[in-house]
Number of protein chains: 2
Amino acid sequence: MSGTPHDPPHDVDPVRLGAYFALIEVTSLLRHAIEQQLHEDGGLTFVRFQVLMRLHRSPTGSHRMTDLADAVVVSRSGLTYQAGLLERAGLVVRSPSPDDERGVTITITDAGRALLGRVLPGHEEVVGDLLFEPLSRTDAQTLADLLAPVRDHMRAAPPRSVVSRRRGGRAARDG
Amino acid sequence: MSGTPHDPPHDVDPVRLGAYFALIEVTSLLRHAIEQQLHEDGGLTFVRFQVLMRLHRSPTGSHRMTDLADAVVVSRSGLTYQAGLLERAGLVVRSPSPDDERGVTITITDAGRALLGRVLPGHEEVVGDLLFEPLSRTDAQTLADLLAPVRDHMRAAPPRSVVSRRRGGRAARDG
DNA sequence: TCTAGTTGCTTCGAATTCGAAGCAGGTCTA
DNA sequence: TAGACCTGCTTCGAATTCGAAGCAACTAGA
């Protein structure tokens, strides 16, 4: 059990703990390595890379600012800052959204796609070497299958409900 | 297939891509939610929480600065900054290492453990609700089993080799 | 023992992040 | 249409992050 003089009283499933710790650790290490590679190969941060990738993978090459911020999990003000940098570098363009005068549409430029082209090989190399080296194809499939529902679950529960967890709080568990 | 006019030429295994994206996304969302909870419940950032946790879980309640920085995947200067904040708050103590005059040993205090005690229930709640809600116990075990080797692999390949990937670079794969 | 090189930590400046506040543009209701 | 409220984005200040540089202490070789 727990509750020894110095232990905060809690009983955590060691299996869950291991999974949680490993998840955090793996992602921290991976992200750190990726930052290095992106910086060296294209002067990009991971956030800017994710922004470009999301835009590149969009059929229209563009997104609304807010949607993009949610997609890459960054604050709106943070995205504004990054969009400014990317725009100054000529990698994206911002324009007023056609349907909503308040909205801003951010679009990747050819230069942005070209930069991705220069950066992606090294990126794939790092991810391949660090993340997938110890994983079989089946393992990768399993990992994806495990994480997809988690992602959907997290996306479904609006972030706001987590933020305001204190108010209403553990009623979610108690009720 | 790739190489359409606007596509950077690369063929990525969609399974790997899905696993990689889900991993990044899940961890970003989880970390964001955790930051919120820790801030509300104890005025902690995730980094400071990790520092306290590592120290708390250590048999001696202490670590060398460098080892701790590696453990929580943060720069040395970053840890110095956080250690300063934690020390000012009375949650840790820094003292010269006995064996190496240069070294600094950082130790968690009773106040630090007490704060963990106040913060951990909410932390476990958030992690349980967001990460493990869609996962069975078996799933959690599988996830842990998949990620543990990846973590060990990443730890084995010293970060430095990743940093200096450009020099020597893909020889690691070619050789 | 001296000297050169390495290691451990901190300081410094620059970049990035966030949340709060501000502002312009929508939306809803009477 | 007017008024109140909501939304989308940006600006602002504060906090956090990193890498480079600096400094003290250790180690190895002559």
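Since the structure is predicted, the reported quantities are computational estimates derived from the model, not experimental observations. Chain naming here is simple, since letters A, B, ... match the order of the sequence lines and numbering starts at 1 in each.
Between Arg76(B) and dG19(D) there is no side-chain N or O to OP1 or OP2 distance below 4.0 Å. Under 4.0 angstrom from either OP1 or OP2 of dT16(C) there lies at least one side-chain N or O belonging to Arg48(A). One finds no side-chain N or O of Gln36(A) lying less than 4.0 angstrom from the OP1 or OP2 phosphate oxygen of dC18(D). Phosphate proximity of dC9(D) to Arg64(A): present, with a side-chain N or O under 4.0 Å from OP1 or OP2.
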Pairs under 3.5 angstrom, nitrogen or oxygen only, protein versus nucleotides 24-27 of chain D, please.
{"unit_1": "dA25(D)", "atom_1": "N3", "unit_2": "Arg102(B)", "atom_2": "NH1", "d": "3.4"}
{"unit_1": "dC26(D)", "atom_1": "OP1", "unit_2": "Glu101(B)", "atom_2": "N", "d": "2.9"}

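Residues Thr45(A) and His39(A) have side chains not in contact (no heavy-atom distance under 4.5 Å, counting atoms from C-beta outward). Using a 4.5 Å cut-off on side-chain heavy atoms (C-beta onward), Leu116(A) and Ile108(A) make contact.
Protein atom CZ of Phe46(A) is 12 Å distant from nucleotide atom P of dT17(C), rounded to whole Å. Summarising the geometry, the separation between CG on Asp70(B) and C1' on dC9(C) is reported as 13 Å, rounded to the nearest angstrom. Across the protein-nucleic acid pair, Arg31(A) atom CZ and dT17(D) atom P stand 12 Å apart, rounded to whole Å. Following rounding to the nearest Å, Gln82(B) (CD) and dT16(D) (P) show an atom-to-atom distance of 6 Å. The CZ atom of Arg88(A) sits 10 Å away from the P atom of dA15(C) (whole-angstrom rounding). Rounded to an integer number of Å, the gap from CD of Glu40(B) to P of dC18(C) is 16 Å. Note: CG (Leu79(B)) to C1' (dG19(D)) measures 15 Å, nearest angstrom. Taking atom NE2 of residue His39(B) and atom C1' of nucleotide dT16(D), one finds them 13 Å apart after rounding to whole Å.
Candidate nucleotides dT10(C), dT17(C), dG19(D) were compared by shortest atom distance to the side chain of His32(A), and dG19(D) ranks first. Closest to the side chain of Thr45(A), out of dT17(D), dT16(C), dT10(C), is dT16(C). Listed nucleotides dC18(C), dT17(D), dT10(D) differ in distance to Arg94(A); the shortest reach to its side chain belongs to dT10(D). Closest approach to the Tyr81(B) side chain among dT17(C), dG8(D), dT16(D) is made by dT16(D) (side chain taken as heavy atoms from C-beta onward).
A single hydrophobic cluster is not seen to contain both Leu85(B) and Leu55(B); linkage of ILVMFWY side chains at heavy-atom distances under 4.5 Å, directly or through other members, places them apart. A continuous path of Ile, Leu, Val, Met, Phe, Trp and Tyr side chains, each step under 4.5 Å between heavy atoms, connects Tyr20(B) with Val12(B), placing both in one hydrophobic cluster. Linking ILVMFWY residues whenever their side-chain heavy atoms come closer than 4.5 Å, directly or via other members, places Leu91(A) and Met53(A) in the same cluster. Hydrophobic clustering (side-chain heavy atoms under 4.5 Å, transitive across Ile, Leu, Val, Met, Phe, Trp, Tyr) groups Phe132(B) together with Phe21(A).
Salt-bridge annotation for Glu124(A) and Arg16(B): absent, with no side-chain N of the basic residue lying under 4.0 Å from a carboxylate O of the acidic one.
With hydrogens and angles ignored, a donor-acceptor pair under 3.5 angstrom links the side chain of Ser77(A) to the base of dG19(C).
Within 6.0 Å of NE2 in His153(A) there are more than 12 heavy atoms belonging to other residues, nucleotides or ligands.
The residue Leu85(B) sits close only to the backbone: its heavy atoms come under 4.0 Å of sugar-phosphate atoms, none of a base.
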The dot-bracket string of DNA chain D, counting Watson-Crick and G-U wobble pairs with both distances under 3.5 Å, using [ ] for crossing pairs and | for pairs to another strand, is ||||||||||||||||||||||||||||||
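At least one donor-acceptor pair closer than 3.5 Å links the side chain of Thr109(A) to the backbone N or O of Gly90(A).
Residues Val104(B) and Ser75(A) each lie close to DNA chain C; by heavy-atom proximity, the contact nearer the 5' end of the strand is made by Val104(B).
Every residue two or more places apart in sequence or in another chain that forms a side-chain contact (heavy atoms from CB on, under 4.5 Å) with Thr142(A) is listed here: Thr138(A), Leu146(A), Thr142(B), Leu146(B).
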